[in-house]
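In the text below, chain A, chain B and the rest are named by the order of the sequence lines, each starting its count at 1. Below, all heavy atoms of this structure are taken into account, side chains as well, without hydrogens, waters or symmetry copies. For clarity, every value in this text was computed on a predicted model and none was experimentally measured.
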There are 2 protein chains.
Amino acid sequence: MSKSKVSVLVIEDEAPIRRFLKMTLTSQGYDFSEAISGQEGMLKVASEKPDIVILDLGLPDMDGLEVTKQLREWTPIPIIVLSARGQEKDKVEALDAGADDYLTKPFGVAELMARARVALRRTMTNSNGETQSTFKFGDVEVDFIKRQVSRNGEELHLTPIEYKLLSTLIKYAGRVVTHNHLLREAWGAEYSGETHYLRVYMAQLRRKLEKNPAQPKYLITEPGVGYRLKVD
Amino acid sequence: MSKSKVSVLVIEDEAPIRRFLKMTLTSQGYDFSEAISGQEGMLKVASEKPDIVILDLGLPDMDGLEVTKQLREWTPIPIIVLSARGQEKDKVEALDAGADDYLTKPFGVAELMARARVALRRTMTNSNGETQSTFKFGDVEVDFIKRQVSRNGEELHLTPIEYKLLSTLIKYAGRVVTHNHLLREAWGAEYSGETHYLRVYMAQLRRKLEKNPAQPKYLITEPGVGYRLKVD
DNA sequence: AAATCTTTATGAAATTTTGATGCACATTTT
DNA sequence: AAAATGTGCATCAAAATTTCATAAAGATTT
């Protein structure tokens with residue numbers, strides 16, 4: 001369940017700026033959508049649920065400040081405000097109304113993009129560790145942030161060495177990792193040559209992770225060389 | 001030692017600016033603390049655990065960018081960067097290095113304060129935008145505003161360290177938190193390695209919070225690694 | 001004086017290490 | 001060609017080690 005693209009909603013009445021942002025954002029790989037008034041903007045936030053809003057303060061139908069406040073009544077979505085007015089008072093008002101950032105026109109695209117990344121970075125990592133840094137194979141899922149391995153959704157306990165070993169194999173997924181390399185990463189440089197440890201622990205991993213440990217589908221032995229995690 | 005005030009750490013080598021910020025911040029009701037070099041700043045972040053960092057990019061001993069990157073290796077604390085350089089390239093670099101905001105000198109206090117409020121607002125709210133005032137697991141409820149823990153509705157007393165420890169586990173709910181991480185957050189950086197303290201206090205927490213302390217359902221041990229608060 | 005934090009001690013639990021056994025395959029010997 | 005030998009691997013399970021839980025006594029702080 002990975003959401004394909006990050007989506008940005010631009011609420012801006014001036015067509016040239018809109019076009020410009022559309023070009024920039026799409027070229028950066030974002031999903032772009034636009035609204036030309038505050039009313040339309042708020043509706044689109046509700047219906048499209050974008051990941052971030054770029055809002056011009058000078059809209060024809062209503063004050064951008066009001067848009068910010070109303071959005072903040074029900075959503076924490078990051079709002080980056082653009083404005084022609086650079087007075088400190090304006091900035092403070094907008095930020096206190098709930099905006100996450102404030103850029104004065106004319107602004108640089110690079111800066112706008114960087115500030116958008118800042119806003120996104122937070123929503124990506126803030127919510128209780130739901131960052132998608134997981135690795136899957138077979139019916140096994142490894143969540144590196146939680147340091148948690150599960151099989152068919154059921155939590156599974158790995159010892160420190162088992163976990164380190166599996167992590168290393170995942171790091172080089174698909175490629176052969178030599179005995180010494182594995183030993184170095186999981187035990188330390190001084191364990192070079194102790195391939196027996198590997199056999200013991202690979203057997204344990206297979207017992208915990210493979211449907212049929214005797215005929216492993218993922219934790220593959222490369223005789224004389226090392227081991228390899230086969231990817232689907 | 002329940003930290004009632006919001007604390008701000010200013011890392012800045014120029015004395016006039018430091019004095020100025022100290023005045024402003026304390027008058028606004030913030031706890032103020034300062035560092036005059038990058039090294040000292042990073043140490044103070046670790047030991048004092050401020051709620052927000054204001055960092056001057058032009059430090060004498062090391063590049064402010066480097067400070068930002070190093071802090072980001074272990075803490076999500078909001079960083080607001082101050083810089084004399086207003087080039088777009090500098091802004092993008094700092095923001096991508098992990099800064100949350102970038103102000104060009106000379107800056108207005110009101111704007112700085114507003115941007116600080118934005119940063120703080122975010123750390124206080126969860127992904128749903130609700131102010132994270134309580135957390136529940138099992139029959140336990142933690143109220144962060146009142147700094148009050150209750151079990152089955154009945155108030156329960158925790159000592160400062162017990163509370164800090166529990167708060168940290170909640171902050172990373174669902175994830176494994178390493179011994180050293182917990183020690184750093186609850187005791188301070190210099191207690192790294194004193195895992196014994198953790199055992200004593202985890203036992204106390206379990207006695208107070210778990211139905212069956214000997215077989216904890218929520219305060220889970222991850223042998224050799226740390227502890228984890230299991231979420232329902 | 002009371003509460004909290006630190007230290008010490010002890011048994012239990014989990015993990016790592018070690019040793020033993022059997023299998024499969026290839027090579028060498030008979 | 002068959003038998004013997006050797007090597008690398010898988011597996012099991014006991015021994016050794018490390019880590020953990022818990023109680024309780026001493027020290028420190030409030």
With sequence neighbours left out, write down each residue that passes side-chain contact (heavy atoms from CB on, under 4.5 Å) with A:K171, or none if nothing qualifies.
-> A:E185

For B:Q148, side-chain contact (heavy atoms from CB on, under 4.5 Å) partners two or more places apart | B:D143, B:K146, B:E155

Interface polar pairs with nucleotides 21-28 of chain D, N/O, under 3.5 angstrom:
{"from": "D:dA21", "atom 1": "OP1", "to": "B:R206", "atom 2": "NH1", "distance (Å)": "2.7"}
{"from": "D:dA21", "atom 1": "OP1", "to": "B:R206", "atom 2": "NH2", "distance (Å)": "3.4"}
{"from": "D:dA21", "atom 1": "OP1", "to": "B:T221", "atom 2": "OG1", "distance (Å)": "2.5"}
{"from": "D:dA21", "atom 1": "OP2", "to": "B:Y227", "atom 2": "OH", "distance (Å)": "2.7"}

Inter- and intrachain pairs under ring-ring contact (aromatic ring centres under 6.0 Å, His included), touching [range], at least two apart:
range	answer
residues 156-175 of chain A	A:Y172-A:H181
residues 196-229 of chain A	A:F137-A:Y218, A:H179-A:Y227, A:W187-A:Y197, A:W187-A:Y201, A:Y191-A:Y197
residues 19-55 of chain B	none

Look at atom CD1 of B:I36 and say whether more than 12 heavy atoms of other residues, nucleotides or ligands are closer to it than 6.0 Å.
-> no

Heavy-atom neighbours of B:R72 CZ exceed 12 at 6.0 Å = yes

Please report, rounded to the nearest Å, how far the [atom2] atom of [N] is from the [atom1] atom of [X].
X	N	atom1	atom2	answer
A:L219	D:dT11	CG	P	11 Å
B:Y197	C:dA9	OH	P	15 Å
A:N212	D:dA10	CG	C1'	13 Å

Using only side-chain N and O atoms of A:H157, determine if any of them is under 4.0 Å from OP1 or OP2 of C:dA14.
-> no

Distance only, no hydrogens: is a donor on one side chain within 3.5 Å (strictly under) of an acceptor on the other, for B:R199 and B:T221?
-> no

Does one side chain, of B:E48 or B:S33, offer a donor that lies under 3.5 Å from an acceptor on the other?
-> yes

Can you name the salt bridge (charged side-chain N to carboxylate O under 4.0 Å, His left out) partners of A:E222, sequence neighbours left out?
-> A:R228

For B:E14, check salt bridge (charged side-chain N to carboxylate O under 4.0 Å, His left out) against everything at least two apart and list the hits.
-> B:K105

Taking only nitrogen or oxygen atoms into account, show me every contact under 3.5 Å that the protein makes with nucleotides 22-24 of chain C, one pair per line with its distance.
none

Could you go step by step and tell me if A:L166 and A:K208 meet the side-chain contact (heavy atoms from CB on, under 4.5 Å) rule?
-> CA-CA 11 Å; A:L166 179 60; A:K208 291 184 177 181; over 6 Å; no

Which parts of residues 158-180 of chain A get close to DNA chain C, meaning a heavy atom less than 4.0 angstrom away?
-> A:T159, A:P160, A:I161

Near DNA chain C, under 4.0 Å by heavy atom, which residues of residues 185-194 of chain A?
-> A:W187, A:Y191

Can you run down the side-chain hydrogen bond (donor to acceptor under 3.5 Å, both in side chains) pairs that involve residues 15-25 of chain B, sequence neighbours left out, and say none if there aren't any?
-> none

